[in-house]
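In what follows, every heavy atom counts, from backbone to side chain, and hydrogens, waters and symmetry copies are set aside. The chains referred to below are lettered A, B, ... by the order of the sequence lines, with proteins before strands, and numbering in each begins at 1.
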Amino acid sequence: MLSAEGLSLDIHGQSILRDVSFEVAPGEVFGLVGESGSGKSMTALCAMGLLPRGAVRRGAVRFGGEDLLGAGERRMCDLRGRQMGMIFQEPMTALNPVRTIGDQVAETLLVHGAAGRFEARDVARERLARVGLPEERFGLDRYPHELSGGQRQRVCIALAVALRPRLLIADEPTTALDVTTQAQILDLLRGLVDEEGMALWLITHDLAVVADMADHVAVMRHGRVVEAAATERLFRAGRHEYTQRLLRDSRHVPKRVAAVGPAPVLEVRGAVRDYPAKRLRLLGPRSMFRAVDGVSLDIRAGESVGLVGESGCGKSTLTRAILGLDPLQGGEVRLDGQPVHAGYLPGALRARMQVVFQDPYGSFNPRHRVGRLVAEPFHLVPVAVSGRRQRVAGALQAVGLEPADMDKFIHEFSGGQRQRIAIARAIVIRPKLVILDEAVSALDVSIRAQILDLLADMQQRFGLSYLFISHDLGVVRAITDRVLVMQAGRIVEQGETGRVFEAPQHGYTRQLIAAAPRIPQDWVG
Amino acid sequence: MVRFVLSRLLSLALSLAVASLVIFAVIEVIPGDTASFMLGLNAAPETVAALRAELGLEGGNVARYFAWVSGLVVGDFGTSYTYRVPVSELVTARLWVSLPLTLYALVLSTAIAIPVGVIAASRRGGVADFGIMGATQLGIAVPNFWFAMLLVLVFAINLRWFGAGGFAGWEYGVWGGIKALTLPAVALALPQASILARVMRSSLLEVLGQDYMRTARAKGLSQGQAVRAHGLRNALIPVMTILGLQFSFLLAGAIIIENVFFLPGLGRLIFQGITQRDLIVVESVVMLLVFAVITVTFVVDLAYAAIDPRLRRAK
């Protein structure tokens, strides 16, 4: 139904796609996988005719026999939304914040002249109910900000399939969502394909999602399709070296030798964190929202502890309290036996605890050179200025970079390299505890595998303890000794990582593990 | 929404109360006798005493403050010392010039700026954008009194379409009034429109890069339809802020233009009040301007909430 033949794309003279060919059959799920920058999204935007200015396309993209590259803008407007729908990665920003969800779904019908105002509203009501937002609970006059990320992605799906298109392009539709929400959205997409005979072109970096969903898969790298086959065949007998490497990296488990000391580095006892909630009446009493509810945990020297749970379960709030950034309303946090109080933390104590955040792009000041960025924690401890440069060079080498990188600016580095720099900054003053807050979530599988190896190696060499916070269960399983499962502010289950994953006791843990997509065991040997 | 309006009204009332206290304190309570200041250095003590009695300066500060505020509430602003007429009369007469002039200038600047900003943003980097950016740069840089004199030269002296200045009053016909205010309004609108057009352009450019614009295009909207249906309303939010500020500025800040065109506006009244040491006039007009600014802020807040549903809940 949709096919690309020798599709190439240049943007402002830079080659983005080269000789891309693939085919999507009616009613099938076609998976396009690859790492960031491989050209997956650009291929989809090529087909939709939504490329940025300066784009030059060659080759052919045929949709039901019609050449899309030759079609005029007017014809493309007619096809988009009516024959080809598309949803995107970030549901939080994909909807217009100032218009109601009913309006935005009905608009698809109105703009194509497919229905009158009232009829379009009826269809919007029906489509929203189909994607799991029935009118009784989610009125058409709701605004996007009143919905969660998963619910917004449902609205996006509803407006994309409002006219029952023959093809739905889903560009990383669940990457920004929790495992449980991801499972629901994937389920919904599969249902739509089955019921409405729609074809689904699923773009993702996550091989497990593709294994779970797709009939056919194409693997992209550097703007080319390196291999394409039926899903099971690709996983069982993928020939291309890159396909095999992707598979290997996605399941990578770093070599670690547990060397856990007896003394606890971090002790959290009965931590409680309340937020003032919205007032119910003007001048009425403020109610409180309990984000962290009596959490206790220990991390011993050299130990790596995972903390998993959905977004909003209190993981980040707990992290901020441990770091002494927010005050607790109850309980206490001790680092090396000394109490951590929000507000004032002695430099020597702060120096024993460092953090690496998720976003390798937003966590550096772009105007400082790397040497200065990595040296930042030195103000916490008395280190002679003369020795600092050497320590920074050592830290950069430890994370696999060159001492000469000190004089570069942060924009000269890729995402994976930046995360290495973030780790160098965290270890340069030899802390005892490093908190890794979704530190590998934004990285591609191959980079992620390297960073996981690096973390394991650092732990060995410096006897670090890790608190590893992630929504990615596979990663947590690979790098932690113990895992804590958090739900609605409470720890509902904890234990040795292997034990918790093999034989989860709590219903919520079982739910989380069941929701995570997996590549079938026998496919990968 | 009701709660939002109530909470904004509460903050409006509080701001007014604080502002009245500050103005009262600055003019009446701080050291230096108001009456002797108004009369100058060589005044005889009896004259000062007489003025003090006339101004109602005898009595405690608290009582005087409440007398002043309760006067304000019912529209009694006191009597001007130099003009010997109630300040409320003076102010009303001037407002009949300043308020229409301000609104006229704002309507003009909005009517020019929004389409111009939209055109520049939709053709970013093109000839139209380049031309508009250059023109608005000039519009901001050129002093408006010079532009005003240019307008007088061309449209009043050479073409004789408009009068060169003065304002006869609305009682001689609405059309005549509008005609008299046109050149000053254009002179006032030019820099404002230039600023507003640039704000509109950058605001719309930001909106054009948003994910929901891409969603709209994927639905089948053309670029133009997407801008109209999803871009404009989102882009107007920062524009509202600037409009509110411009209104407050124009109401009393038009003094130079008022002088160029010999218009009896509020700006000139306050200037005359200061030069003639007529503190009663100054105090009342300042309070009135504060009232206007706070009210406009309130209206802008309501406009925000009308545009953006996320702001409708009171914090």
Side-chain angles (χ1 to χ4, degrees), chain A residues 44-45 48-50 52-54 73-74 76-100 103-105 107-114 141-146 152 155-156 159-160 162-163 165 168-169 171 278-284, chain B residues 1-11 13-14 121-126 129 203 205-240 303-315:
Chain A
L45 293 177
M48 289 290 279
L50 290 177
R53 270 196 273 178
E73 177 58 20
R74 184 180 280 267
M76 286 310 294
C77 280
D78 189 45
L79 285 175
R80 285 183 215 125
R82 187 196 288 279
Q83 304 270 359
M84 307 163 35
M86 184 159 180
I87 58 172
F88 302 92
Q89 172 167 356
E90 193 39 83
M92 298 310 275
T93 51
L95 294 168
N96 184 344
V98 305
R99 294 185 53 189
T100 63
D103 247 19
Q104 297 192 52
V105 176
E107 190 185 32
T108 307
L109 293 120
L110 293 174
V111 75
H112 287 285
D141 52 359
R142 292 278 202 111
Y143 286 96
H145 71 272
E146 300 171 295
R152 291 188 209 188
V155 176
C156 292
L159 65 85
L163 281 169
L168 176 65
I169 305 175
D171 187 358
K278 218 176 61 184
R279 280 197 176 108
L280 296 175
R281 277 174 295 123
L282 192 68
L283 305 177
Chain B
M1 189 71 190
V2 175
R3 251 181 68 183
F4 175 80
V5 174
L6 283 178
S7 82
R8 298 316 306 163
L9 272 174
L10 189 72
S11 106
L14 281 175
S122 337
R123 304 191 186 158
R124 184 187 196 174
D129 186 23
S203 164
L205 277 180
E206 196 184 319
V207 169
L208 289 180
Q210 294 289 322
D211 285 352
Y212 53 78
M213 295 303 287
R214 190 177 56 182
T215 304
R217 298 279 281 131
K219 269 186 208 178
L221 276 74
S222 67
Q223 181 67 20
Q225 281 174 319
V227 169
R228 282 191 296 277
H230 298 278
L232 280 182
R233 204 164 133 191
N234 280 295
L236 277 178
I237 294 171
V239 172
M240 295 299 309
Y304 281 158
I307 290 177
D308 191 340
R310 288 168 295 185
L311 300 174
R312 281 177 208 164
R313 287 171 302 174
K315 289 225 179 78

Is A/R74 close to chain B through its backbone or its side chain, or both, or neither, when contacts mean heavy atoms under 4.5 Å? neither
Ranking A/M76, A/R82, A/M86, A/R53 by heavy-atom pairs under 4.5 Å to chain B gives rank one to A/R53
Quick one: do A/E107 and B/R228 satisfy salt bridge (charged side-chain N to carboxylate O under 4.0 Å, His left out)? Show the steps, please. CA-CA 13 Å; A/E107 190 185 32; B/R228 282 191 296 277; over 6 Å; no
How long is the straight-line distance from CD of A/E146 back to CZ of B/R310, given to the nearest 0.5 Å? 11.5 Å
Could you tell me the separation between the CG atom of A/L110 and the CD atom of B/Q225, rounded to the nearest 0.5 Å? 11.0 Å
Please report the interatomic distance CG(A/N96) to CZ(B/R233), rounded to the nearest 0.5 Å. 7.5 Å
Looking at B/T215 and A/A94, would you say the former's side chain and the latter's main chain have a donor-acceptor pair under 3.5 Å? yes
Side chain from CB out, backbone as N, CA, C, O: work out which of these in A/M84 comes under 4.5 Å of a heavy atom of chain B, or both, or neither. backbone
Heavy-atom contact with chain B under 4.5 Å, split by part of A/L95: backbone
Please look at B/A229 and chain A and tell me whether the side chain, the backbone, both or neither of the residue comes under 4.5 angstrom of a heavy atom of that chain. both
Please confirm whether the backbone N or O of A/Q104 pairs with a side-chain atom of B/K219, one donor and one acceptor, at under 3.5 Å? yes
Need one label for A/A160: side chain, backbone, both or neither, based on atoms under 4.5 Å from any heavy atom in chain B. neither
I want to check something: taking the side chain as every heavy atom from C-beta on, are B/R217 and A/C77 in contact at a cut-off of under 4.5 Å? yes
Taking the side chain as every heavy atom from C-beta outward, state whether B/Y212 and A/P97 have any pair of such atoms under 4.5 Å apart. yes
Drop me the distance from B/Q223's CD to A/L50's CG, to the nearest 0.5 angstrom. 9.5 Å
Greatest number of non-hydrogen atom pairs under 4.5 angstrom with chain A, of B/D308, B/L221, B/V207, falls to B/L221
